A.B. asks: 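Quick one: the structure is below, and I'll ask about it shortly.
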Number of protein chains: 2
Amino acid sequence: MANIRDIAKATGYSVSTVSRVLNNYPYVDEAKRKRVLQVIKELNYVPNHVARNLSYGKTNNIGVIIPYTNHPYFDQLLSGITEMAFEHHYKVTLLPTNYDAKIEQAYLEEFAAKSFDGLIITSRSNSLPHLLSFKKYGSLVFCEKLPHRQGPCVYIDREHALAEGIRYLQDQGVQHLGVTLGRHSRISYTSKVTIEAVQRFYPNFDVEQDIYWNCLDPIMGYDAGQYFYKHGFDGILTNTDLVAAGVLKAYPTQKHPKIVGRDNLIVSDLLQIPTIDNHLKQCGEQAFELFYQEKSDQIRIPYKFILR
Amino acid sequence: MANIRDIAKATGYSVSTVSRVLNNYPYVDEAKRKRVLQVIKELNYVPNHVARNLSYGKTNNIGVIIPYTNHPYFDQLLSGITEMAFEHHYKVTLLPTNYDAKIEQAYLEEFAAKSFDGLIITSRSNSLPHLLSFKKYGSLVFCEKLPHRQGPCVYIDREHALAEGIRYLQDQGVQHLGVTLGRHSRISYTSKVTIEAVQRFYPNFDVEQDIYWNCLDPIMGYDAGQYFYKHGFDGILTNTDLVAAGVLKAYPTQKHPKIVGRDNLIVSDLLQIPTIDNHLKQCGEQAFELFYQEKSDQIRIPYKFILR
DNA sequence: CCTTGCTAAGAAACGCGTTTCATACATTAT
DNA sequence: ATAATGTATGAAACGCGTTTCTTAGCAAGG
């Protein structure tokens, strides 16, 4: 493959002149410009992007740390990021961690090594101070509320969103409330907030008996539903619409519990499940914007409780 | 930010020695190795990945040309690619085209410019010969059946998969078959195959009246369903489970048509919609493997018709 | 006629690692 | 004792664009 020096040689002009043609500088003789372009075509020359990036010190690439794809929560976030990145001529590189702190660490090092112009952290496995120590290498945007002035972030007002969902269940007369949550091994911040919110409305809520952990999809939701049905739960607060759908499936149709889903997924519309829409796509868009505008704002994305 | 020459200067050793330490070469004096590592730590030095890539002529990055994310078909494909890439220490960069040939072209040029070690084309907007002309710049893997010996690809046996779905509908006694399809502006290969397959089983199939175009999600599926219900269609072949779910919603529960979905999405399980599972995740995995193993095979991924 | 300013274009340095080549000493084999 | 290996390390070239610095021709302004 030809490089810029080959083109210089073939045309008889200098490397600088070729570079000037490539970058549309003024002050290049029209005849020479044409000749250069012609030779470029003849030799099938394409400027090496990596070399360019090295020279510019910039890659136009943003990394997104994400546990995994193909999960509605993260896919929505990702689609917001991707769309916005696209508009600003950035590319998005997926950095799946599977919640492994070691892998996350490896990505952070690649970031420090200038592989990406920025990093959006949709969910993290290392401690916040550790992650923040990488700020010196470039711009980091978090998808969680950071302590004041610690850097750019977008976040959801989970507390109020959950409160509204739980109040709805209470208003519907729910006596025995069950809750589905995700990973039990490393309990997420969201799970913690959920438990606290529920306890405020249901003081007798039993953390041991009334939570069904490790719910991520309808299959696990179905398991949860069987448990809840057997034990006479009449209201369920779920961690995502997918799980809500599974839960409902486990109850006989006439005995459906009051339920609240999350993420406003298509299923919740199809099955008429009330849901908390956290506008994740918008979160993703804003996260990218924060990176792009080099702002250090803390943006709260409004949620919306959708009654069906 | 320090670079390798700074480290060389600070230690008093040569750049080569520092590089040897970084790359775990044998034949470096133990004391020097330690000293180098110490200085690296002190100066907070991280080797520049872009420079390394330039030197190696390799990025460990694969690009995935995709119309958009957040669509079940592509997200499944993507999750297969991402998982496999992860296992082989590759990163995945998303290249959304929105079916715009110009944008696709831009990505192809970036590929030629060595931004990626390979390209997986999940769907394309330019002509096949045009895309194939980029083979000289690196390895291209297609997610569609290529003409013999034209390069690596994974594909689905759509013809047989569809035939099985349509035969099922016929066996169920469907008289008036409706079909939902995607984009009408640039009709996809899949759409063409679908029409041909239907015509084989239903010789009177009317391309004008019996197809509802531009169906991508349940909303559009609902529209299609209203049309089909109004005109007395008793069987629907849909282009994805999401659309199937929408179609059903438009029919009164007692009058549900016979229906066949696609992609084996969670909704189809929840709503008991028979579906054609094309094992898209597996497609993605195999596509990456073809790239990684530098094979030029044509891999057919078996489909599965799932009765409910 | 001389200065200022614009157009044009090349040499060389720069961004930053990796790798080849060359050198030199210390062993070990013959 | 000598040739052949093995260990250790530096200088310089390389991968490939971009950018700064310099030089230089030529026209307009004073």
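Chain letters run A, B, ... following the sequence lines, proteins first and then strands; every chain starts at 1. Since the model is a prediction, treat every value here as computed from it, not as a measurement.
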A.B. asks: So with a 6.0 Å cut-off around CZ of Arg33(B), is the heavy-atom count from everything else above 12?
C.D. replies: yes
A.B. asks: Output the rounded distance in Å from CG (Asp29(B)) to P (dA26(C)).
C.D. replies: 13 Å
A.B. asks: Considering only heavy atoms from C-beta outward, does the side chain of Pro147(A) approach that of Leu128(A) to under 4.5 Å?
C.D. replies: yes
A.B. asks: Report the relative orientation of the aromatic rings in Phe74(B) and His71(B); use parallel for angles under 30°, tilted for 30 to 60°, perpendicular for over 60°.
C.D. replies: tilted
A.B. asks: In the structure I gave you, are the side-chain heavy atoms of Ile62(B) and Phe116(B) within less than 4.5 Å of one another anywhere?
C.D. replies: no
A.B. asks: Do any side-chain atoms of residues 283-295 of chain A form donor-acceptor pairs under 3.5 angstrom with protein atoms, and if so which ones, sequence neighbours left out?
C.D. replies:
unit_1, atom_1, unit_2, atom_2, d
Glu289(A), OE1, Gln293(A), NE2, 2.5
Glu289(A), OE2, His88(A), NE2, 3.0

A.B. asks: Any side-chain N or O of Lys32(B) below 4.0 angstrom from OP1/OP2 of dA8(D)?
C.D. replies: no
A.B. asks: Between the protein and nucleotides 4-7 of chain D, are there any N/O to N/O pairs under 3.5 Å, and if so, what are the atom names and distances?
C.D. replies:
unit_1, atom_1, unit_2, atom_2, d
dT7(D), OP2, Tyr27(B), OH, 2.4

A.B. asks: Test of understanding: with ring pair (Phe, Tyr, Trp, His ring centres under 6.0 Å), list the residues that count as partners of His279(B), not counting sequence neighbours.
C.D. replies: none
A.B. asks: With a 4.0 Å cutoff (strictly under), does any side-chain N or O of Thr17(A) reach OP1 or OP2 of dG10(C)?
C.D. replies: yes
A.B. asks: Report the C-alpha distance between Leu95(A) and Thr93(A) in whole Å, list the side-chain angles of each, state the deciding distance to 0.1 Å, and finish with yes or no for side chain to side chain contact (heavy atoms under 4.5 Å, CB included).
C.D. replies: CA-CA 6 Å; Leu95(A) 307 174; Thr93(A) 297; 4.0 Å; yes
A.B. asks: Reading nucleotides 14-21 of chain C from the 5' end, what letters show protein touch, with B for base, S for backbone sugar-phosphate only, - for no heavy atom under 4.0 Å?
C.D. replies: -BBBBBB-
A.B. asks: Looking at five pairs on each end of the helix from dC1(C)-dG30(D) to dT30(C)-dA1(D), what is the angle between the two axes, given to 10 degrees?
C.D. replies: 40°
A.B. asks: With a distance cut-off below 6.0 Å to the six-membered ring centre and an angular limit of 45° from the axis, does Arg35(B) pair with Tyr13(B) as a cation-pi contact?
C.D. replies: no
A.B. asks: With sequence neighbours left out, what residues match Ser14(A) under side-chain hydrogen bond (donor to acceptor under 3.5 Å, both in side chains)?
C.D. replies: Thr17(A)
A.B. asks: Among Glu144(B), Glu104(B), His130(B), find the one that has a side chain to side chain donor-acceptor pair (under 3.5 Å) with Arg124(B).
C.D. replies: Glu144(B)
